[in-house]
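Input: a single structure, listed below in structure tokens.
Reminder, nothing fancy here: chain letters follow the sequence lines and each chain counts from 1. All values below were derived from every heavy atom in this structure, side-chain atoms included, with hydrogens, water molecules and symmetry-related copies excluded.
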Amino acid sequence: MLQQTRVQTVIDYYNRWMLKWPTLHHLAQASLEEVNEMWAGLGYYRRARFLLEGARMIVAGGDGFPKIVSSLLKVPGIGDYTAGAIASIAFKEVVPVVDGNVIRVLARLKAISANPKDKVTVKKFWKLAAQLVDPHRPGDFNQSLMELGATLCTPLNPSCSSCPVSGECRALAISKLDKLVLITDYPAKSIKLKQRHEFSAVCVVEISGRQDLIEGDQSNSVFLLVKRPDEGLLAGLWEFPSVMLGKEAALTRRRKEMNCFLKKSFRLDPQRTCSILLREDVGEFTHIFSHIRLKVYVELLIVHLKDDMSDLFSMRDGENTTWKCVDREALSSLGLTSGVRKVYTMVQKV
DNA sequence: CATACGTGGAG
DNA sequence: TCTCCAAGTAT
């Protein structure tokens, strides 16, 4: 969970996760669906899938939990950093770790100005860290190095005056001699790749209760959710029906695309299977992914089913589309991605 | 190998 | 609003 994610963000997820799956064996029994739900909102969802696959692999292997770096590296989702962290912290293997914090600390300590993403430079950091690690307390040392980066040797305003190794810091020494050099010049900034712009239309489809199907309560309605493909962005997660637009599109065009999608995937057709009680343009927002800038147009559609479409209320596979309907309560308690939560919040204000 | 892969807090 | 980046990994 901590990979590329702040501790503060992780804590609640970690606690809920450990409550639900206290051991590897519990996790190995879980379904990907459950795992995705628990992870929803944390991001980098492949981590969740790998965690599940890793648990299953270890349990199936029957050799217990891997305890050395070489074995840990075979587990899905465990790379150089995580293998080193587990081996040193949990099992006292004398190995280093290199994460973003360590790179920053070492780049400053040794005044390394090369691009820290560069493969050769990364190797240099690992070698340096390996030379430094305390053979008697590798886990504590590694955590100390990371903690130094997280608390004092921070990206923007490092607290050099409180730093226990400021006397040995090359970057600090250089910055004192040359006023043009700043501590924060280390490590070098790597060129960030450009975000591509994407556009999508989302339709929150609310299927209102019918007097003849649902007794009494007219407010009893359900929402249509679609399962995203198992590969790629937000793989296997639930969202409101959406279509990618390719470029900016006016309301008319967006509705046309959406109508087509709803008809094809759900046989939701105003002329035949339902009548429209409300259709409203709710607004738009931009959702930022690490590599995509997604503009989302949101619309609310409340329909009233004509025929006996009660089978609609259980999950089923449509044409290349897995979908289900959930009621308001289920929707609130369901694990949703950040973007889907935004959409739902917007619609609730209507 | 360069890139895909989320989200949110801080300044 | 924009930039930066966090206990990185897989392909």
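- When heavy atoms are screened at a 4.0 angstrom cut-off, A:R49 is found touching no nucleic acid atom at all.
- Look at CZ on A:F141: it is 17 Å from P on C:dA7, rounded to the nearest Å.
- Residue A:G149 is classed as having no contact, given no heavy-atom separation below 4.0 Å to the nucleic acid.
- Between C:dC2, C:dT3, B:dG8, one nucleotide has an atom nearer to the side chain of A:R293 than all others, and that is C:dC2.
- Taking only distance into account, the side chain of A:R6 never meets the base of C:dA7 through a donor-acceptor pair shorter than 3.5 Å.
- One P atom belongs to B:dC1, the other to C:dA10, and the distance between them is 16 Å to the nearest Å.
- The C1' atoms of C:dC5 and B:dC5 are separated by 15 Å, rounded to the nearest whole Å.
- Taking a cutoff of 4.0 Å between a charged side-chain nitrogen and a carboxylate oxygen, A:E93 and A:K67 do not qualify as a salt bridge.
- Side-chain atoms of A:H287 lie closest to B:dT7 of the nucleotides C:dG8, C:dC5, B:dT7.
- Within 4.0 Å of A:N142, counting heavy atoms only, lies no atom of the nucleic acid at all.
- Two residues, A:T9 and A:R196, neighbour DNA chain B, and the one matched to the more 5' nucleotide by heavy-atom proximity is A:R196.
- Picking from B:dG8, C:dA7, B:dG6 the nucleotide with the shortest atom distance to the side chain of A:L233 gives B:dG6.
- Of the candidate nucleotides B:dG6, B:dG9, C:dT9, B:dG6 has the atom lying nearest to any side-chain atom of A:Q4.
- Summarising the geometry, the separation between CG on A:D12 and P on B:dG8 is reported as 13 Å, rounded to the nearest angstrom.
- Of the candidates C:dA6, B:dT7, B:dG11, B:dG11 carries the atom nearest the A:L156 side chain, counting heavy atoms from C-beta on.
- Under a 3.5 Å cut-off, the side chain of A:R56 and the backbone N or O of A:A30 do form a donor-acceptor pair.
- Among the protein residues, A:L234 comes within range of the sugar-phosphate backbone only, with heavy atoms under 4.0 Å from sugar or phosphate atoms but none that close to a base.
- Residue A:F50 places its side chain closer to C:dA10 than to any other of B:dG8, C:dA10, C:dA7.
- A:Y44 contributes a side-chain N or O that forms a donor-acceptor pair with the base of B:dG6 under 3.5 Å.
- Rounded to a whole angstrom, the distance from the C1' atom of C:dT1 to that of B:dG8 is 15 Å.
- Each of C:dT9, B:dG6, C:dA7 was ranked by its minimum atom distance to the side chain of A:A150; first place goes to C:dA7.
- What separates CG of A:L294 from P of B:dA4 is a distance of 15 Å, to the nearest Å.
- Checked for salt-bridge contact, A:R16 and A:E37 miss the test: no charged N lies under 4.0 Å from a carboxylate O.
- If you check every strand for non-hydrogen atoms under 4.0 Å, A:L42 touches a base.
- Closest to the A:S338 side chain, of the nucleotides B:dA4, B:dG8, C:dA7, is B:dG8.
- Taking only side-chain nitrogens and oxygens, A:H291 comes nearer than 4.0 Å to OP1 or OP2 of B:dC5.
- Between A:R104 and A:I78, the residue whose closest nucleotide on DNA chain C is further toward the 5' end is A:R104.
- The side chain of A:K189 approaches C:dC5 more closely than any other nucleotide in the set C:dA7, C:dC5, C:dT9.
- Across B:dT7, C:dA7, C:dT9, the shortest atom-to-atom separation from the side chain of A:Y45 is found for B:dT7.
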